[in-house]
> 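Before anything else, here's the structure in question.
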There are 2 protein chains.
Amino acid sequence: MAVEEAELFLKAFGERISKLRKSKNLSYRKLAQRCNVDYSDISKIEKGLIKIQLPTILELAKGLDVHPRDLFDFDFPKN
Amino acid sequence: MAVEEAELFLKAFGERISKLRKSKNLSYRKLAQRCNVDYSDISKIEKGLIKIQLPTILELAKGLDVHPRDLFDFDFPKN
DNA sequence: AATAATGTGGGCTTATTAGCCCACTATTAA
DNA sequence: TTAATAGTGGGCTAATAAGCCCACATTATT
């Protein structure tokens, strides 16, 4: 239950990152240059394979030039 | 530089959690009962001492009955 | 006064990210 | 055809959260 929900959340978050990145025409490597996150890790984040921490969230927001809040701008059931 | 910024971010996030928790008249222990986070850890999160991961963010949102996005509803310079 | 609740901080083990690098494949551009 | 770029996945070490528990001081509550 909780496990599935967390996985859905990770996937939704990853898809949001992917959408933002593509909207700015950035490859993994290009986005990685703009923030302090390795390009191969960005791939894993977008696939929902990694449970990143707050500082990494901030880095992604900076690289994508949005407020951290915008990274969570996706539908998700409140239960 | 980046270190300071991350610390400011952690503090702002913690203050946001604190504000939401108090607005619902929840103690650390009561909030902990509503989500899967230890009460002593919530104290540390609100003080910005811990860099929590995505699943913990989800848990806090559930315990506070808000969308994860709302946990990031605070001012923060976009640089 | 006695009890309960609260905030705080320390410690512990295990699991996992952070922060790297490398190699491979497929696609695109020169 | 050749070179460059892109996505993917594996591996490594060190740092850190997760998930606990406990103890103490302070502040309500009864």
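Chain A is the first sequence line, chain B the second, and so forth, proteins listed ahead of strands; every chain is numbered from 1.
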> Taking only residues two or more places apart in sequence or in another chain, which ones pass side-chain hydrogen bond (donor to acceptor under 3.5 Å, both in side chains) with A:Arg29?
none
> Rounded to whole angstroms, how far apart are CG on A:Leu54 and P on D:dT16?
14 Å
> Between D:dA6, C:dG7, D:dG9, which nucleotide has the shortest distance from any of its atoms to the side chain of A:Lys47?
D:dG9
> How many Å lie between CD1 on A:Ile52 and C1' on D:dA17, as a whole number?
14 Å
> Given A:Lys19 and A:Phe74, is the side-chain contact (heavy atoms from CB on, under 4.5 Å) satisfied, shown in steps?
CA-CA 11 Å; A:Lys19 196 171 181 179; A:Phe74 51 81; over 6 Å; no
> Here's a test of your reading of the structure: between B:Leu49 and B:Gln53, which maps to the more 5' nucleotide of DNA chain C?
B:Leu49
> I'd like to check the ring-ring contact (aromatic ring centres under 6.0 Å, His included) partners of B:Phe13; sequence neighbours left out, ordered by chain and number.
B:Phe72
> With side-chain contact (heavy atoms from CB on, under 4.5 Å) as the test, would you mind laying out the steps for A:Tyr39 and A:Gln33 before giving the verdict?
CA-CA 8 Å; A:Tyr39 69 88; A:Gln33 288 173 345; over 6 Å; no
> Nearest-Å distance, CG (A:Leu26) to C1' (D:dT5)?
14 Å
> What is the distance from NZ of B:Lys30 to P of C:dA4, rounded to the nearest Å?
15 Å
> Could you work out, with side-chain hydrogen bond (donor to acceptor under 3.5 Å, both in side chains) as the rule, every residue matching B:Asp73, not counting sequence neighbours?
A:Arg69
> B:Leu31 pairs by side-chain contact (heavy atoms from CB on, under 4.5 Å) with which of B:Leu20, B:Ile42, B:Val37?
B:Ile42
> So, using side-chain hydrogen bond (donor to acceptor under 3.5 Å, both in side chains) as the criterion, who are the partners of A:Ser43 when residues are at least two apart?
none
> Give a yes or no answer on whether the side chain of B:His67 reaches the backbone of A:Asp75 with a donor-acceptor pair at less than 3.5 Å.
no
> Once you round it to whole Å, what is the distance between C1' of D:dC20 and CD1 of B:Ile42?
14 Å
> With side-chain contact (heavy atoms from CB on, under 4.5 Å) as the criterion, how do A:Asn36 and A:Lys62 come out once you've worked through the C-alpha distance, each side chain's angles and the decisive distance to 0.1 Å?
CA-CA 9 Å; A:Asn36 231 351; A:Lys62 282 166 58 182; over 6 Å; no
> What's the CG-P distance between B:Leu10 and D:dT16, to the nearest Å?
12 Å
> Can you tell which of D:dA17, D:dA6, C:dA18 lies closest to the side chain of A:Ile50?
C:dA18
> Suppose we screen for side-chain hydrogen bond (donor to acceptor under 3.5 Å, both in side chains). Which residues come up paired with A:Arg16, at least two apart in sequence or across chains?
none
> To 10°, what angle do the rotation axes through the five end pairs on each side of the helix from C:dA1-D:dT30 to C:dA30-D:dT1 form?
50°
> Would you give me the side-chain donor-acceptor pairs under 3.5 Å for residues 49-57 of chain B, sequence neighbours excluded?
none

> Output a table of nitrogen or oxygen pairs between the protein and nucleotides 12-15 of chain D separated by less than 3.5 Å.
none

> When the distance from CG of B:Leu31 to P of C:dG7 is rounded to whole Å, what number comes out?
10 Å
> Strictly under 4.0 angstrom, non-hydrogen atoms only: write out the protein contact profile of nucleotides 19-30 of chain C, one letter per nucleotide from the 5' end, B, S or -.
BBBBB-------
> Between B:Ile45 and A:Arg21, which has a closest nucleotide on DNA chain D that is more 5'?
A:Arg21
